[in-house]
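Each ligand, and each atom within it, is numbered from 1 in the order the structure gives. The first residue in the sequence is number 1, and the count goes up from there. Here the structure is a predicted model, which is why all the values come from computation and not from measurement.
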Amino acid sequence: MTALEIAGAVRTYGDLRALDGLALTVEPGEIHAIIGLNGAGKTTAMKAIVGQTRLDAGEARVLGAPIDAAGPDVLGRLGSVIDQPFGYPELTVRDNIVHAARLHGLDRAAAACAASSWIARLELEPWAGRRARGLSLGNRQRLGLACAAAHEPDLLILDEPTNALDPAGVLLLRDVILAAATRGAGVLVSSHHLDEVSRIAHRITVIHAGRVVGSLEPGQTDLEHRFFEMVRAWDAAHREDVRTRQEVHA
Ligand SMILES: Nc1ncnc2c1ncn2[C@@H]1O[C@H](COP(=O)(O)OP(=O)(O)OP(=O)(O)O)[C@@H](O)[C@H]1O
């Protein structure tokens, strides 16, 4: 069973087609990275996959079920950090992780155990008793990752997870992603850091103007250059679409 499938996805905001026929899959055990310029549609795609935004056309399926019809048995096996890291400002780091794990179906003892283990794993010990509202951006991102992953989901969706992380955090995140895939989870991750993506992804898909415009080979040299060439080639072949998009943004 495919861990994630989105096909023919269209999402419009007024005249803007944020998603314009996007199609992607993630297999169990696969790390699939999506890259694209600001506004390409990565976050919108992820939101549609987890049901945070509706599609005007097309379908998103997670762990075999259409997201619109997914019940707790499916939703409890998802983990995601999209846009803003999860974390109730009034709860402590530890309580946030316990709460997230409980929401994903773990019992009280298992959730407490998962919280301790993820606090250690993401080196959050100094802040374990602090309220989330006082955390630095990078530590909030670590907390969001712990909340998304503490229940060991079968599908992990991470939107630009390296954004605010320091180099130590990036290494910890890399381990989390690799370990999730090794135990069989599918991982969809968006990033602007092509080097990092190239190190861990099995597949890299380029998204532009709300659709897939090509793929890059992990480990290839000169990924940035190839990426920009792909995007420019698409723009050159679709001048009318590009003009319309810019007018909508103006
Ligand atoms: N709620 C919304 N209302 C109006 N327009 C939106 C909304 N959400 C997204 N958009 C637009 O849809 C397009 C795609 O946005 P999206 O956030 O998916 O891009 P992205 O690839 O994640 O970009 P970034 O790399 O900057 O995070 C953008 O033009 C954005 O302005």
Close approach, His192 and ligand 1, non-hydrogen under 4.0 angstrom: yes
Contact check, Glu160 vs ligand 1, heavy-atom distance below 4.0 Å: yes
Geometric N/O contact Gly39 with ligand 1, under 3.5 angstrom: yes
Arg61 meets the side chain to side chain donor-acceptor pair (under 3.5 Å) criterion, sequence neighbours left out, with none
Looking only at distances, can you tell me whether any N or O atom of Gly36, backbone or side chain, sits closer than 3.5 Å to an N or O atom of ligand 1? no
Quick note on ligand 1: atoms under 4.0 Å from a heavy atom of Ala18 include exactly 12 (O), 13 (C)
Enumerate the atoms of ligand 1 whose separation from the nearest heavy atom of Ala40 is less than 4.0 angstrom. 19 (O), 20 (P), 21 (O)
List every atom of ligand 1 that sits less than 4.0 Å from any heavy atom of Asn38, numbering the atoms from 1 in the order shown and giving each element. 23 (O), 24 (P), 25 (O), 26 (O)
Contacts of Thr12 meeting side chain to side chain donor-acceptor pair (under 3.5 Å) (sequence neighbours excluded), chain-then-number -> Asp56
Any N/O of Ala45 closer than 3.5 Å to an N/O of ligand 1? no
Describe, in one word, how the ring planes of His104 and His151 are oriented to each other, choosing from parallel (under 30°), tilted (30 to 60°) and perpendicular (over 60°). parallel
Can you find a heavy atom in the side chain of His32 that is under 4.5 Å from one in the side chain of Leu24? yes
Subset of ligand 1 atoms that lie under 4.0 Å from at least one heavy atom of Gly41: 14 (C), 18 (O), 19 (O), 20 (P), 21 (O)
Classify the contact between Leu37 and ligand 1 as side chain, backbone, both or neither, using a heavy-atom distance cut-off of under 4.0 Å. backbone
Between Arg199 and Glu196, is there a salt bridge with N-O shorter than 4.0 Å? yes
Could you tell me whether His225 atom NE2 has more than 12 heavy atoms of other residues or ligands within 6.0 Å of it? no
Candidate list Ile207, Val206, Val231, test side chain to side chain contact (heavy atoms under 4.5 Å, CB included), partner Leu37, passing option: Val231
